[in-house]
Amino acid sequence: MLNASLTLDPQSTIGPVRPHLFGSFVEHLGRCVYTGIFEPGHPNADEDGMRRDVIDLVKELGVTVVRYPGGNFVSGYRWEDGVGPLAERPKRLDTAWHSVEPNTFGIGEFVTWAKRAGVEPMVALNLGTRGVAEALDLLEYCNHSGGTHLSDLRAAHGYPEPFGVKMWCLGNELDGPWQLGHKTQEEYGRLAEETARAMRMVDPSLELVVCGSSHSQMPTFGVWEETVLEHAYDQVDLISLHAYYQPRDGDLASFLASSVDMESFIRQVAGIADRIGAKKGSSKRIDLSFDEWNVWYVSDFQDQGPPKDWPQAPPLLEDVYNIVDAVVVGSLLITLLRNSDRVAVACLAQLVNAIAPIHTEPGGPAWRHTTFHPFAQTADLARGDVLRVAVEAPFYHNERFGETPVVDAVATHDPDTGDVVLFAVNRSMEDSVSLSVSTSAFPDHRVFEHLVLTDDDLDATNTAESPDRVIPRSVGETRHELGTVELNLPRVSWNVIRLRA
Ligand code: AHR
(Lines give C-alpha, C1' and ligand atoms only; values in the text may rest on other atoms or scores of the structure.)
Protein backbone atom coordinates (compact mmCIF):
# COMPACT_ATOMS: atom_id res chain seq x y z
CA MET A 1 0.00 0.00 0.00
CA LEU A 2 1.33 3.47 -0.99
CA ASN A 3 0.37 6.75 0.64
CA ALA A 4 -0.63 9.97 -1.13
CA SER A 5 -2.40 13.17 -0.19
CA LEU A 6 -4.10 16.17 -1.74
CA THR A 7 -5.99 19.27 -0.70
CA LEU A 8 -9.36 20.46 -1.95
CA ASP A 9 -9.43 24.24 -2.01
CA PRO A 10 -12.22 26.32 -3.61
CA GLN A 11 -9.69 29.16 -4.13
CA SER A 12 -7.51 27.05 -6.47
CA THR A 13 -9.76 27.66 -9.43
CA ILE A 14 -8.36 27.02 -12.90
CA GLY A 15 -11.48 28.18 -14.72
CA PRO A 16 -15.00 27.04 -15.44
CA VAL A 17 -15.70 23.54 -16.74
CA ARG A 18 -16.07 24.11 -20.48
CA PRO A 19 -18.96 22.06 -21.87
CA HIS A 20 -17.25 21.52 -25.22
CA LEU A 21 -14.54 19.46 -23.47
CA PHE A 22 -17.00 16.58 -23.77
CA GLY A 23 -17.03 16.38 -27.54
CA SER A 24 -16.67 13.39 -29.80
CA PHE A 25 -16.09 12.60 -33.45
CA VAL A 26 -17.99 10.83 -36.23
CA GLU A 27 -15.95 10.06 -39.34
CA HIS A 28 -16.92 8.17 -42.47
CA LEU A 29 -14.58 5.40 -41.37
CA GLY A 30 -15.33 1.70 -41.07
CA ARG A 31 -18.66 1.27 -39.28
CA CYS A 32 -18.81 4.58 -37.42
CA VAL A 33 -21.58 5.98 -39.67
CA TYR A 34 -22.92 2.94 -41.55
CA THR A 35 -24.23 0.30 -39.08
CA GLY A 36 -23.00 2.63 -36.30
CA ILE A 37 -25.16 5.71 -35.91
CA PHE A 38 -27.06 5.03 -39.17
CA GLU A 39 -28.61 1.71 -40.12
CA PRO A 40 -31.87 1.88 -42.04
CA GLY A 41 -33.85 -1.30 -41.43
CA HIS A 42 -32.37 -1.95 -37.98
CA PRO A 43 -35.14 -2.81 -35.48
CA ASN A 44 -34.16 0.26 -33.42
CA ALA A 45 -33.79 2.66 -36.35
CA ASP A 46 -36.13 5.63 -36.63
CA GLU A 47 -37.88 6.68 -39.84
CA ASP A 48 -34.61 8.22 -41.12
CA GLY A 49 -32.45 5.22 -40.31
CA MET A 50 -30.85 6.68 -37.18
CA ARG A 51 -30.29 4.01 -34.54
CA ARG A 52 -32.26 5.03 -31.46
CA ASP A 53 -30.33 2.66 -29.20
CA VAL A 54 -27.11 4.43 -30.22
CA ILE A 55 -28.66 7.88 -29.71
CA ASP A 56 -29.68 6.80 -26.19
CA LEU A 57 -26.09 5.76 -25.46
CA VAL A 58 -24.71 9.00 -26.94
CA LYS A 59 -27.01 10.93 -24.59
CA GLU A 60 -25.91 8.79 -21.66
CA LEU A 61 -22.29 9.41 -22.62
CA GLY A 62 -22.98 13.14 -22.21
CA VAL A 63 -21.45 14.22 -25.51
CA THR A 64 -21.95 17.93 -26.22
CA VAL A 65 -20.39 18.49 -29.65
CA VAL A 66 -19.54 16.10 -32.51
CA ARG A 67 -16.94 16.73 -35.20
CA TYR A 68 -17.84 15.42 -38.69
CA PRO A 69 -17.16 13.98 -41.38
CA GLY A 70 -13.40 13.40 -40.80
CA GLY A 71 -10.60 12.88 -40.13
CA ASN A 72 -8.55 11.63 -43.03
CA PHE A 73 -11.78 11.00 -44.96
CA VAL A 74 -12.58 14.71 -45.25
CA SER A 75 -9.43 15.51 -47.22
CA GLY A 76 -10.87 13.81 -50.31
CA TYR A 77 -14.55 14.44 -49.65
CA ARG A 78 -16.99 16.19 -51.97
CA TRP A 79 -19.85 17.27 -49.72
CA GLU A 80 -22.17 17.64 -52.74
CA ASP A 81 -22.08 13.82 -53.13
CA GLY A 82 -23.90 13.45 -49.82
CA VAL A 83 -26.91 15.71 -50.48
CA GLY A 84 -30.05 15.43 -52.58
CA PRO A 85 -32.09 12.43 -53.69
CA LEU A 86 -30.53 9.17 -52.54
CA ALA A 87 -30.85 7.52 -55.93
CA GLU A 88 -28.69 10.23 -57.47
CA ARG A 89 -25.88 10.13 -54.92
CA PRO A 90 -22.67 8.66 -56.35
CA LYS A 91 -20.62 5.92 -54.80
CA ARG A 92 -16.97 6.96 -54.56
CA LEU A 93 -13.63 5.52 -53.63
CA ASP A 94 -12.55 6.71 -50.19
CA THR A 95 -8.78 6.59 -50.49
CA ALA A 96 -8.19 7.41 -46.81
CA TRP A 97 -9.69 4.13 -45.60
CA HIS A 98 -9.59 2.17 -48.88
CA SER A 99 -13.34 1.76 -48.78
CA VAL A 100 -16.32 2.54 -50.98
CA GLU A 101 -18.34 5.51 -49.74
CA PRO A 102 -22.05 5.08 -50.62
CA ASN A 103 -22.92 8.69 -49.71
CA THR A 104 -26.34 7.69 -48.35
CA PHE A 105 -25.42 9.74 -45.27
CA GLY A 106 -24.25 13.32 -45.71
CA ILE A 107 -24.39 16.73 -44.06
CA GLY A 108 -28.21 16.89 -43.92
CA GLU A 109 -28.46 13.46 -42.30
CA PHE A 110 -25.68 14.40 -39.89
CA VAL A 111 -27.39 17.59 -38.75
CA THR A 112 -30.67 15.66 -38.33
CA TRP A 113 -28.85 13.05 -36.27
CA ALA A 114 -27.06 15.72 -34.21
CA LYS A 115 -30.39 17.35 -33.32
CA ARG A 116 -31.82 14.01 -32.23
CA ALA A 117 -28.74 13.21 -30.19
CA GLY A 118 -28.78 16.70 -28.63
CA VAL A 119 -25.24 17.57 -29.76
CA GLU A 120 -23.78 20.58 -31.54
CA PRO A 121 -22.27 19.89 -34.98
CA MET A 122 -18.64 20.81 -35.66
CA VAL A 123 -17.98 20.52 -39.39
CA ALA A 124 -14.57 19.84 -40.92
CA LEU A 125 -13.79 21.25 -44.37
CA ASN A 126 -11.82 19.58 -47.12
CA LEU A 127 -8.66 21.66 -47.48
CA GLY A 128 -6.74 18.68 -48.84
CA THR A 129 -8.03 18.35 -52.41
CA ARG A 130 -10.25 21.45 -52.26
CA GLY A 131 -10.11 25.06 -51.19
CA VAL A 132 -11.78 28.41 -50.54
CA ALA A 133 -14.59 28.12 -53.11
CA GLU A 134 -15.86 24.76 -51.89
CA ALA A 135 -15.65 25.89 -48.25
CA LEU A 136 -17.81 28.90 -49.09
CA ASP A 137 -20.26 26.67 -50.96
CA LEU A 138 -20.70 24.36 -47.99
CA LEU A 139 -21.10 27.33 -45.66
CA GLU A 140 -23.82 28.77 -47.90
CA TYR A 141 -25.57 25.40 -48.17
CA CYS A 142 -25.51 24.93 -44.40
CA ASN A 143 -26.08 28.36 -42.94
CA HIS A 144 -27.60 30.83 -45.38
CA SER A 145 -31.28 31.41 -44.74
CA GLY A 146 -32.49 31.29 -48.35
CA GLY A 147 -32.80 33.06 -51.69
CA THR A 148 -29.45 31.86 -53.08
CA HIS A 149 -28.67 28.84 -55.21
CA LEU A 150 -27.18 26.68 -52.47
CA SER A 151 -29.49 27.72 -49.63
CA ASP A 152 -32.50 27.10 -51.89
CA LEU A 153 -30.99 23.76 -52.84
CA ARG A 154 -30.84 22.84 -49.14
CA ALA A 155 -34.51 23.77 -48.80
CA ALA A 156 -35.31 21.70 -51.90
CA HIS A 157 -33.50 18.80 -50.23
CA GLY A 158 -35.94 18.98 -47.35
CA TYR A 159 -34.15 21.36 -44.96
CA PRO A 160 -35.83 24.77 -45.15
CA GLU A 161 -34.20 25.91 -41.89
CA PRO A 162 -30.48 26.74 -41.96
CA PHE A 163 -28.28 24.36 -40.00
CA GLY A 164 -26.58 27.16 -38.06
CA VAL A 165 -23.18 25.42 -37.86
CA LYS A 166 -20.92 27.64 -35.72
CA MET A 167 -17.77 25.54 -35.39
CA TRP A 168 -15.66 24.76 -38.45
CA CYS A 169 -12.35 22.93 -38.76
CA LEU A 170 -10.11 24.28 -41.52
CA GLY A 171 -9.08 20.87 -42.84
CA ASN A 172 -7.59 17.87 -41.06
CA GLU A 173 -4.00 16.85 -40.23
CA LEU A 174 -2.53 18.53 -43.31
CA ASP A 175 0.97 18.21 -41.80
CA GLY A 176 0.72 14.41 -42.24
CA PRO A 177 2.20 12.81 -45.38
CA TRP A 178 -0.65 10.26 -45.15
CA GLN A 179 -3.17 13.03 -45.76
CA LEU A 180 -4.65 13.53 -49.23
CA GLY A 181 -3.47 17.00 -50.26
CA HIS A 182 -0.73 17.06 -47.57
CA LYS A 183 0.89 20.49 -47.42
CA THR A 184 3.89 22.32 -46.07
CA GLN A 185 3.25 24.70 -43.17
CA GLU A 186 3.61 27.66 -45.57
CA GLU A 187 1.13 26.25 -48.07
CA TYR A 188 -1.38 25.31 -45.41
CA GLY A 189 -0.99 28.51 -43.39
CA ARG A 190 -1.81 30.60 -46.47
CA LEU A 191 -4.76 28.42 -47.46
CA ALA A 192 -6.19 28.34 -43.92
CA GLU A 193 -5.90 32.12 -43.64
CA GLU A 194 -7.53 32.70 -47.02
CA THR A 195 -10.35 30.26 -46.26
CA ALA A 196 -10.99 31.72 -42.81
CA ARG A 197 -11.02 35.27 -44.15
CA ALA A 198 -13.51 34.34 -46.87
CA MET A 199 -15.76 32.54 -44.38
CA ARG A 200 -15.71 35.54 -42.05
CA MET A 201 -16.92 37.72 -44.93
CA VAL A 202 -20.07 35.59 -44.78
CA ASP A 203 -20.30 35.35 -41.00
CA PRO A 204 -17.73 36.99 -38.69
CA SER A 205 -19.10 35.11 -35.68
CA LEU A 206 -18.00 31.62 -36.83
CA GLU A 207 -15.63 29.68 -34.57
CA LEU A 208 -12.73 28.57 -36.74
CA VAL A 209 -10.18 25.89 -35.88
CA VAL A 210 -6.86 25.86 -37.71
CA CYS A 211 -4.91 22.58 -37.94
CA GLY A 212 -2.01 22.14 -35.57
CA SER A 213 0.23 19.07 -35.64
CA SER A 214 -1.14 15.55 -35.95
CA HIS A 215 0.74 14.60 -32.79
CA SER A 216 3.54 15.83 -30.58
CA GLN A 217 6.21 13.64 -32.27
CA MET A 218 5.67 15.00 -35.79
CA PRO A 219 9.00 16.18 -37.27
CA THR A 220 7.46 19.58 -38.03
CA PHE A 221 5.84 20.00 -34.58
CA GLY A 222 6.44 23.53 -33.35
CA VAL A 223 7.52 24.97 -36.68
CA TRP A 224 4.14 23.98 -38.11
CA GLU A 225 2.19 25.79 -35.36
CA GLU A 226 4.42 28.88 -35.57
CA THR A 227 4.17 29.22 -39.34
CA VAL A 228 0.48 28.45 -39.56
CA LEU A 229 -0.32 30.97 -36.81
CA GLU A 230 1.97 33.59 -38.37
CA HIS A 231 -0.39 33.43 -41.33
CA ALA A 232 -3.78 32.76 -39.76
CA TYR A 233 -3.63 34.20 -36.20
CA ASP A 234 -6.01 37.09 -36.83
CA GLN A 235 -8.58 34.96 -38.62
CA VAL A 236 -8.92 31.89 -36.39
CA ASP A 237 -10.10 31.20 -32.84
CA LEU A 238 -8.57 27.84 -32.04
CA ILE A 239 -5.67 25.61 -33.05
CA SER A 240 -6.09 21.84 -33.08
CA LEU A 241 -4.13 19.10 -31.31
CA HIS A 242 -4.47 15.35 -31.91
CA ALA A 243 -3.06 12.52 -29.80
CA TYR A 244 -3.58 8.77 -29.63
CA TYR A 245 -1.91 6.50 -27.09
CA GLN A 246 -1.27 2.77 -26.93
CA PRO A 247 1.07 0.45 -25.04
CA ARG A 248 4.31 -0.06 -26.97
CA ASP A 249 5.92 -3.52 -26.67
CA GLY A 250 3.62 -4.34 -23.77
CA ASP A 251 4.99 -1.46 -21.68
CA LEU A 252 1.90 -0.74 -19.58
CA ALA A 253 3.79 1.40 -17.07
CA SER A 254 4.60 3.99 -19.76
CA PHE A 255 1.14 3.66 -21.29
CA LEU A 256 -0.43 4.49 -17.92
CA ALA A 257 1.62 7.70 -17.88
CA SER A 258 0.39 8.83 -21.35
CA SER A 259 -1.23 11.96 -19.97
CA VAL A 260 2.27 13.35 -19.26
CA ASP A 261 2.64 13.70 -23.03
CA MET A 262 -0.80 15.27 -23.39
CA GLU A 263 -0.04 17.77 -20.62
CA SER A 264 3.24 18.95 -22.15
CA PHE A 265 1.75 18.99 -25.69
CA ILE A 266 -1.00 21.35 -24.47
CA ARG A 267 1.45 23.63 -22.66
CA GLN A 268 3.82 23.75 -25.65
CA VAL A 269 1.09 24.62 -28.16
CA ALA A 270 -0.39 27.25 -25.82
CA GLY A 271 3.11 28.72 -25.41
CA ILE A 272 3.68 28.90 -29.18
CA ALA A 273 0.27 30.51 -29.73
CA ASP A 274 0.98 33.12 -27.06
CA ARG A 275 4.42 33.83 -28.51
CA ILE A 276 2.98 34.48 -31.96
CA GLY A 277 0.25 36.62 -30.40
CA ALA A 278 2.87 38.67 -28.55
CA LYS A 279 4.96 39.02 -31.70
CA LYS A 280 1.94 40.36 -33.53
CA GLY A 281 1.05 42.67 -30.64
CA SER A 282 -2.36 41.02 -30.59
CA SER A 283 -4.70 41.26 -27.63
CA LYS A 284 -6.51 38.15 -28.86
CA ARG A 285 -5.79 34.73 -27.36
CA ILE A 286 -5.90 31.52 -29.40
CA ASP A 287 -7.40 28.63 -27.45
CA LEU A 288 -6.90 24.93 -28.12
CA SER A 289 -9.18 22.38 -29.74
CA PHE A 290 -8.00 18.88 -28.77
CA ASP A 291 -10.31 17.54 -31.43
CA GLU A 292 -8.93 14.00 -31.63
CA TRP A 293 -7.78 12.11 -28.56
CA ASN A 294 -8.08 8.55 -27.34
CA VAL A 295 -6.41 5.21 -26.82
CA TRP A 296 -5.87 3.64 -30.25
CA TYR A 297 -4.08 0.34 -30.92
CA VAL A 298 -2.84 1.94 -34.13
CA SER A 299 -0.07 -0.62 -34.64
CA ASP A 300 -2.73 -3.36 -35.04
CA PHE A 301 -4.20 -1.31 -37.88
CA GLN A 302 -0.77 -0.63 -39.38
CA ASP A 303 0.18 -4.33 -39.20
CA GLN A 304 -3.07 -5.34 -40.85
CA GLY A 305 -2.94 -2.62 -43.52
CA PRO A 306 -5.95 -1.07 -45.20
CA PRO A 307 -8.69 -3.27 -46.70
CA LYS A 308 -7.61 -4.72 -50.04
CA ASP A 309 -10.84 -4.97 -52.01
CA TRP A 310 -12.59 -1.60 -51.46
CA PRO A 311 -15.39 -2.82 -49.15
CA GLN A 312 -18.28 -0.69 -47.95
CA ALA A 313 -18.35 0.04 -44.19
CA PRO A 314 -15.78 -2.64 -43.24
CA PRO A 315 -15.05 -3.30 -39.56
CA LEU A 316 -12.01 -1.03 -39.17
CA LEU A 317 -10.20 0.10 -36.00
CA GLU A 318 -12.67 -1.79 -33.80
CA ASP A 319 -10.50 -1.74 -30.69
CA VAL A 320 -11.97 -3.49 -27.66
CA TYR A 321 -10.95 -1.60 -24.54
CA ASN A 322 -9.88 -3.10 -21.22
CA ILE A 323 -9.35 -1.78 -17.69
CA VAL A 324 -5.95 -0.21 -18.38
CA ASP A 325 -7.35 1.60 -21.43
CA ALA A 326 -10.21 3.01 -19.33
CA VAL A 327 -7.79 4.25 -16.68
CA VAL A 328 -5.66 5.94 -19.35
CA VAL A 329 -8.78 7.57 -20.83
CA GLY A 330 -9.65 8.74 -17.30
CA SER A 331 -6.19 10.27 -16.85
CA LEU A 332 -6.50 12.05 -20.21
CA LEU A 333 -9.86 13.47 -19.09
CA ILE A 334 -8.20 14.71 -15.88
CA THR A 335 -5.54 16.42 -18.01
CA LEU A 336 -8.10 18.08 -20.28
CA LEU A 337 -10.06 19.36 -17.29
CA ARG A 338 -6.91 20.63 -15.59
CA ASN A 339 -6.11 22.59 -18.76
CA SER A 340 -9.57 24.03 -19.22
CA ASP A 341 -8.03 27.50 -19.03
CA ARG A 342 -6.68 26.81 -22.56
CA VAL A 343 -8.47 23.77 -23.97
CA ALA A 344 -11.87 25.00 -25.12
CA VAL A 345 -12.90 21.95 -27.16
CA ALA A 346 -11.96 18.28 -26.96
CA CYS A 347 -13.30 15.38 -29.02
CA LEU A 348 -12.96 11.75 -28.00
CA ALA A 349 -12.15 10.04 -31.29
CA GLN A 350 -14.32 8.43 -32.22
CA LEU A 351 -17.93 7.82 -31.16
CA VAL A 352 -19.14 4.46 -32.46
CA ASN A 353 -17.27 1.27 -33.50
CA ALA A 354 -14.05 2.84 -34.81
CA ILE A 355 -11.82 3.43 -31.72
CA ALA A 356 -14.99 4.23 -29.86
CA PRO A 357 -16.70 4.00 -26.48
CA ILE A 358 -19.86 2.58 -28.11
CA HIS A 359 -20.00 -0.67 -30.06
CA THR A 360 -22.79 -1.96 -32.28
CA GLU A 361 -23.57 -5.15 -34.11
CA PRO A 362 -25.21 -4.75 -37.50
CA GLY A 363 -28.84 -5.72 -36.92
CA GLY A 364 -27.96 -6.41 -33.29
CA PRO A 365 -27.35 -4.71 -29.96
CA ALA A 366 -25.23 -1.72 -28.93
CA TRP A 367 -23.12 -1.64 -25.78
CA ARG A 368 -20.56 0.38 -23.82
CA HIS A 369 -16.84 -0.33 -23.89
CA THR A 370 -14.90 0.20 -20.65
CA THR A 371 -13.79 3.67 -21.82
CA PHE A 372 -17.41 4.80 -22.00
CA HIS A 373 -17.61 5.00 -18.21
CA PRO A 374 -14.91 7.53 -17.26
CA PHE A 375 -16.11 9.80 -20.05
CA ALA A 376 -19.80 9.54 -19.11
CA GLN A 377 -19.09 10.10 -15.41
CA THR A 378 -16.92 13.15 -16.06
CA ALA A 379 -19.36 14.68 -18.55
CA ASP A 380 -22.17 14.11 -16.08
CA LEU A 381 -20.50 15.24 -12.87
CA ALA A 382 -17.86 17.89 -13.72
CA ARG A 383 -19.75 21.10 -13.05
CA GLY A 384 -18.90 24.65 -12.01
CA ASP A 385 -15.21 25.44 -11.57
CA VAL A 386 -12.20 23.21 -12.13
CA LEU A 387 -9.98 23.09 -9.04
CA ARG A 388 -6.27 22.41 -9.16
CA VAL A 389 -5.36 19.83 -6.53
CA ALA A 390 -1.74 19.62 -5.50
CA VAL A 391 -1.13 15.87 -5.25
CA GLU A 392 1.69 14.58 -3.04
CA ALA A 393 2.29 11.06 -4.31
CA PRO A 394 5.15 8.61 -4.75
CA PHE A 395 6.70 8.42 -8.20
CA TYR A 396 7.14 5.29 -10.30
CA HIS A 397 9.66 4.77 -13.05
CA ASN A 398 8.62 4.13 -16.65
CA GLU A 399 10.65 3.94 -19.86
CA ARG A 400 8.93 6.70 -21.79
CA PHE A 401 8.38 9.43 -19.18
CA GLY A 402 10.82 8.61 -16.41
CA GLU A 403 9.58 9.40 -12.90
CA THR A 404 5.79 9.85 -12.91
CA PRO A 405 3.45 10.40 -9.94
CA VAL A 406 1.41 7.31 -9.18
CA VAL A 407 -1.72 9.39 -8.58
CA ASP A 408 -3.16 12.05 -10.82
CA ALA A 409 -6.28 14.01 -9.90
CA VAL A 410 -8.41 17.07 -10.51
CA ALA A 411 -11.59 18.32 -8.86
CA THR A 412 -14.62 20.40 -9.72
CA HIS A 413 -16.70 22.60 -7.43
CA ASP A 414 -20.16 23.75 -8.36
CA PRO A 415 -20.73 27.07 -6.54
CA ASP A 416 -24.50 26.77 -7.16
CA THR A 417 -25.02 23.38 -5.53
CA GLY A 418 -21.85 23.33 -3.42
CA ASP A 419 -21.05 19.85 -4.78
CA VAL A 420 -17.41 18.86 -5.09
CA VAL A 421 -16.26 15.98 -7.28
CA LEU A 422 -12.76 14.54 -7.21
CA PHE A 423 -11.55 12.55 -10.23
CA ALA A 424 -8.45 10.45 -9.58
CA VAL A 425 -6.42 7.63 -11.13
CA ASN A 426 -3.99 5.24 -9.51
CA ARG A 427 -1.43 4.33 -12.17
CA SER A 428 0.44 1.79 -10.08
CA MET A 429 0.44 -1.73 -11.55
CA GLU A 430 1.23 -3.25 -8.16
CA ASP A 431 -0.03 -1.19 -5.25
CA SER A 432 -3.23 0.33 -4.03
CA VAL A 433 -2.92 3.87 -2.68
CA SER A 434 -4.25 5.23 0.57
CA LEU A 435 -5.22 8.78 -0.42
CA SER A 436 -5.65 11.35 2.32
CA VAL A 437 -7.83 14.23 1.11
CA SER A 438 -7.78 17.46 3.10
CA THR A 439 -11.31 18.87 3.11
CA SER A 440 -10.80 21.58 5.74
CA ALA A 441 -11.80 24.24 3.18
CA PHE A 442 -15.11 22.36 2.89
CA PRO A 443 -15.79 21.69 6.59
CA ASP A 444 -19.38 20.53 6.14
CA HIS A 445 -18.76 18.26 3.17
CA ARG A 446 -18.94 14.48 3.39
CA VAL A 447 -18.19 11.84 0.79
CA PHE A 448 -21.49 10.38 -0.25
CA GLU A 449 -20.25 8.29 -3.16
CA HIS A 450 -16.93 6.79 -4.26
CA LEU A 451 -17.18 4.94 -7.57
CA VAL A 452 -14.26 2.86 -8.81
CA LEU A 453 -13.56 1.30 -12.18
CA THR A 454 -11.01 -1.48 -11.80
CA ASP A 455 -10.75 -5.26 -11.91
CA ASP A 456 -8.45 -8.03 -10.74
CA ASP A 457 -8.21 -8.95 -14.40
CA LEU A 458 -6.72 -5.92 -16.17
CA ASP A 459 -7.67 -7.46 -19.51
CA ALA A 460 -11.38 -7.51 -18.65
CA THR A 461 -13.57 -6.04 -21.41
CA ASN A 462 -17.25 -5.61 -22.23
CA THR A 463 -18.72 -7.74 -24.99
CA ALA A 464 -22.12 -8.39 -26.57
CA GLU A 465 -22.48 -11.40 -24.24
CA SER A 466 -21.29 -9.52 -21.12
CA PRO A 467 -21.91 -5.82 -21.84
CA ASP A 468 -21.63 -4.86 -18.17
CA ARG A 469 -18.64 -6.99 -17.18
CA VAL A 470 -16.76 -3.74 -16.46
CA ILE A 471 -18.71 -0.90 -14.86
CA PRO A 472 -17.90 1.61 -12.10
CA ARG A 473 -18.76 0.11 -8.72
CA SER A 474 -19.50 1.83 -5.46
CA VAL A 475 -16.95 1.59 -2.66
CA GLY A 476 -18.58 1.05 0.70
CA GLU A 477 -17.05 2.90 3.56
CA THR A 478 -14.88 6.05 3.66
CA ARG A 479 -13.11 7.34 6.81
CA HIS A 480 -13.68 10.98 7.82
CA GLU A 481 -11.52 12.56 10.53
CA LEU A 482 -10.92 16.22 11.42
CA GLY A 483 -11.07 17.75 7.94
CA THR A 484 -9.57 14.71 6.24
CA VAL A 485 -11.05 11.91 4.20
CA GLU A 486 -9.15 8.65 3.74
CA LEU A 487 -9.80 6.87 0.45
CA ASN A 488 -8.50 3.65 -0.99
CA LEU A 489 -7.56 3.79 -4.68
CA PRO A 490 -7.03 0.22 -5.94
CA ARG A 491 -4.10 -0.46 -8.28
CA VAL A 492 -4.83 0.59 -11.91
CA SER A 493 -8.10 2.32 -11.10
CA TRP A 494 -10.28 5.24 -12.13
CA ASN A 495 -12.08 6.88 -9.20
CA VAL A 496 -14.90 9.40 -8.87
CA ILE A 497 -15.44 10.74 -5.36
CA ARG A 498 -18.47 12.94 -4.72
CA LEU A 499 -18.68 15.25 -1.70
CA ARG A 500 -21.70 17.20 -0.58
CA ALA A 501 -22.35 19.52 2.34
O1 AHR B 1 -9.44 8.93 -35.91
C2 AHR B 1 -8.73 8.18 -36.84
C3 AHR B 1 -7.80 9.03 -37.70
O4 AHR B 1 -6.77 9.52 -36.89
C5 AHR B 1 -8.40 10.29 -38.29
O6 AHR B 1 -9.07 10.03 -39.49
C7 AHR B 1 -7.22 11.15 -38.51
O8 AHR B 1 -7.51 12.53 -38.45
C9 AHR B 1 -6.23 10.71 -37.43
O10 AHR B 1 -4.99 10.44 -37.95
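Here the structure is a predicted model, which means the values were calculated and not measured. Order of listing sets the numbers, starting from 1, for every ligand and every atom in it. In what follows, residues are counted from 1 in the order of the sequence shown.
- Y141 and W79 have their aromatic ring centers within a separation under 6.0 angstrom.
- Using a 4.0 Å cut-off between charged side-chain N and carboxylate O, R92 and D81 make a salt bridge.
- Within the structure, every pair that satisfies the ring pair (Phe, Tyr, Trp, His ring centres under 6.0 Å) test and touches residues 180-226, not counting sequence neighbours, is listed here: Y188-W224, F221-F265.
- Ring to ring, H98 and W310 are close: their centroids are under 6.0 angstrom apart.
- Judged by the 6.0 Å distance and 45° axis criteria, R67 is positioned over the aromatic ring of F25.
- A distance limit of 4.0 angstrom between heavy atoms and ligand 1 selects the residues F25, E27, G71, N72, W97, N172, E173, Y244, E292, W296, Q350, I355.
- In this structure a side-chain-to-backbone donor-acceptor pair under 3.5 Å is present from E187 to T184.
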